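Since we're looking at a predicted model, the values are computed, not measured.
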Amino acid sequence: MTAVFRHEVRLFFSGLTAYVYGAFLLIFVGLYMMYYNLTAGYANFELALAGASFSFIITIPIITMRIIAEEKKQKTDQLLYSLPISTTQIVVGKFLAVFLTSALPMCLVVFYPLLLKNYGNLYLPTSYGAMFGYLLTAAALLSMGVFLSSITESQPMAAGICFAVMVLNYYMVTLAEYAASSAFGSLAALIVIEVLLAAVIKHMTRNAVLSEIFGAAAAAATVLLYLYKTEWFEGLFPKILENLSVYERFYEFVDGIFDYTHVVYFLSVIVFFLFLTVQSLEKRRYN
């Protein structure tokens, strides 16, 4: 894992990608700090971080699109498979390297609240709690980007899919407000999600029978549960969207709520998508 991590770090910092990415994050944080804290006079640095989190929609696809997709296209991933390390170590090493490019700019941002405190009543624990949530949000979204890069050999396709996923994450709470809250609407939405999951399973395992069994079993169980307890489905889909939203958890940190369950949620998202990435690479490794 250490060898992969060092290789990826050298690769990132040998080109312009890491520097442009870091500069982009700093520009966004600086612009929102200027708008909220300096111009509007709000003594809440966490508002600047909440606004700057919008940049993930653009930066995450750019920084993750090549991390695995390019290696698959150039066939250099075969060199990684020949090393005496596991696929898990490869994935974790790549993830830590790409996360480092997000964490390094924050080494400068940590001084912003201290500067602002000289000109207003800034509550530092809330500011640094939001900063911690900002890093967790970046890590969770990066893990999604790494996974999406592992399922294709095309960088533009990886970036396009990742961009769509980032937009969905950002606007998920807003979508939840307009999502069908009726019991039947929730049923239909859940069945669509189960069909999409079955398609993902088919893509990852190349096993049509397994994906069809999963899709049919999940849909049947959902319909039976709907017939048994229809009232459970009232407003269920909007609640699911809100609970799945990465940004909704981050906004809790922005509001000054430090809940360990949110930390567990972010860590679970990271582990889940890195696990999917490992499975995606394992399938290619043994094929």
(message) Starting from Val271, can I reach Val165 by hopping between I/L/V/M/F/W/Y residues whose side chains sit under 4.5 Å apart?
(response) no

(request) Check step by step if side chain to side chain contact (heavy atoms under 4.5 Å, CB included) holds for Ile151 and Leu276. (result) CA-CA 10 Å; Ile151 62 176; Leu276 291 181; over 6 Å; no

(message) For a quick test of reading the model, state the closest non-hydrogen atom pair linking Pro105 to Gly22 and the distance between them.
(response) CG-CA, 3.6 Å

(message) Closer than 3.5 angstrom, by distance alone: can the side chain of Ser149 be matched with the main-chain N or O of Thr64 as a donor-acceptor pair?
(response) yes

(message) So that I know where these two stand, are Tyr134 and Phe56 an aromatic pair - ring centroids less than 6.0 Å apart?
(response) yes

(message) So for atom OH, which belongs to Tyr128, do other residues, nucleotides or ligands contribute more than 12 heavy atoms lying within a distance under 6.0 Å?
(response) yes

(message) Side-chain heavy atoms nearer than 4.5 Å, only ILVMFWY residues, links allowed to pass through others: does that put Val269 and Val264 together?
(response) no

(request) Evaluate the criterion side chain to side chain contact (heavy atoms under 4.5 Å, CB included) for residue pair Met144 and Val246; output intermediate values, then yes/no. (result) CA-CA 11 Å; Met144 297 180 191; Val246 172; 3.6 Å; yes

(message) Looking at every heavy atom in both Met166 and Ile57, which two are closest together, and how far apart are they?
(response) CB-CA, 3.8 Å

(request) Kindly indicate whether the side chain of Asn44, heavy atoms from C-beta on, has any atom under 4.5 Å from the side chain of Thr126. (result) no

(request) Using atom types as modelled and distance alone, determine if a side-chain donor or acceptor of Lys94 lies under 3.5 Å from a backbone N or O of Val146. (result) no

(message) Keeping Ser150 on the side-chain end and Phe147 on the backbone end, is there a donor-acceptor pair under 3.5 Å?
(response) yes

(request) Kindly state each residue pair satisfying salt bridge (charged side-chain N to carboxylate O under 4.0 Å, His left out) with at least one member in residues 215-232, sequence neighbours excluded. (result) Lys229-Glu231

(request) Please name the pair of heavy atoms, one in Ala158 and one in Thr152, separated by the smallest distance, quoted to 0.1 Å. (result) CB-CG2, 3.7 Å

(message) In terms of relative ring orientation, are Tyr170 and Tyr247 parallel, tilted or perpendicular, with 30° and 60° separating the classes?
(response) perpendicular

(request) Tell me whether Leu49 is reachable from Ile27 by hopping between hydrophobic residues (I, L, V, M, F, W, Y) whose side-chain heavy atoms are closer than 4.5 Å. (result) yes

(message) Does any part of the side chain of Ile270, heavy atoms only, come nearer than 4.5 Å to the side chain of Phe95, both counted from C-beta?
(response) yes

(request) Rounded to the nearest 0.5 Å, what's the gap from CE on Met34 to CG on Leu31? Could you check? (result) 5.5 Å

(request) Output all residues satisfying side chain to side chain donor-acceptor pair (under 3.5 Å) with Ser102, sequence neighbours left out; order by chain, then residue number. (result) Tyr21

(request) Kindly write out the residues that satisfy ring pair (Phe, Tyr, Trp, His ring centres under 6.0 Å) with Phe132, not counting sequence neighbours, or none if the list is empty. (result) Phe258

(request) For Ala52 and Val29, work out which heavy atoms get closest and say how close. (result) CB-CG2, 3.7 Å

(request) Please identify each residue that fulfils side chain to side chain contact (heavy atoms under 4.5 Å, CB included) with Leu108, with sequence neighbours left out. (result) Leu26

(request) Compare every heavy atom of Arg249 with every heavy atom of Thr261, then report the nearest pair and how far apart it is. (result) O-NH1, 4.5 Å

(message) Can you confirm whether more than 12 heavy atoms, excluding those of Tyr226, are under 6.0 Å from its OH atom?
(response) yes

(message) Do Val109 and Met33 have side chains that approach each other closer than 4.5 Å (heavy atoms only, starting at C-beta)?
(response) no

(message) Starting from Phe45, can I reach Ile257 by hopping between I/L/V/M/F/W/Y residues whose side chains sit under 4.5 Å apart?
(response) no

(request) Only counting residues at least two apart or in another chain, list the ones meeting side chain to side chain donor-acceptor pair (under 3.5 Å) with Asp255. (result) none

(request) Just say parallel, tilted or perpendicular for the rings of Tyr32 and Tyr36, cut-offs at 30° and 60°. (result) parallel

(request) Any pair with a residue in residues 50-61 that passes side chain to side chain donor-acceptor pair (under 3.5 Å), sequence neighbours left out, goes on the list, sorted by first then second residue, please. (result) none

(message) Rounded at 0.5 Å granularity, tell me how far CG in Leu25 sits from OG1 in Thr101.
(response) 8.0 Å

(request) Classify the angle between the aromatic ring planes of Phe253 and Phe266 as parallel (below 30°), tilted (30 to 60°) or perpendicular (above 60°). (result) tilted

(request) Please examine the side chains of Val110 and Met131, heavy atoms only from C-beta on, and report whether any two atoms are closer than 4.5 Å. (result) yes

(request) State, to 0.1 Å, how close Glu46 and Val254 come at their nearest heavy-atom pair, and which atoms those are. (result) CG-O, 3.3 Å

(message) Quick check for you: to the nearest 0.5 Å, what is the distance between Thr277 atom OG1 and Phe272 atom CZ?
(response) 10.0 Å

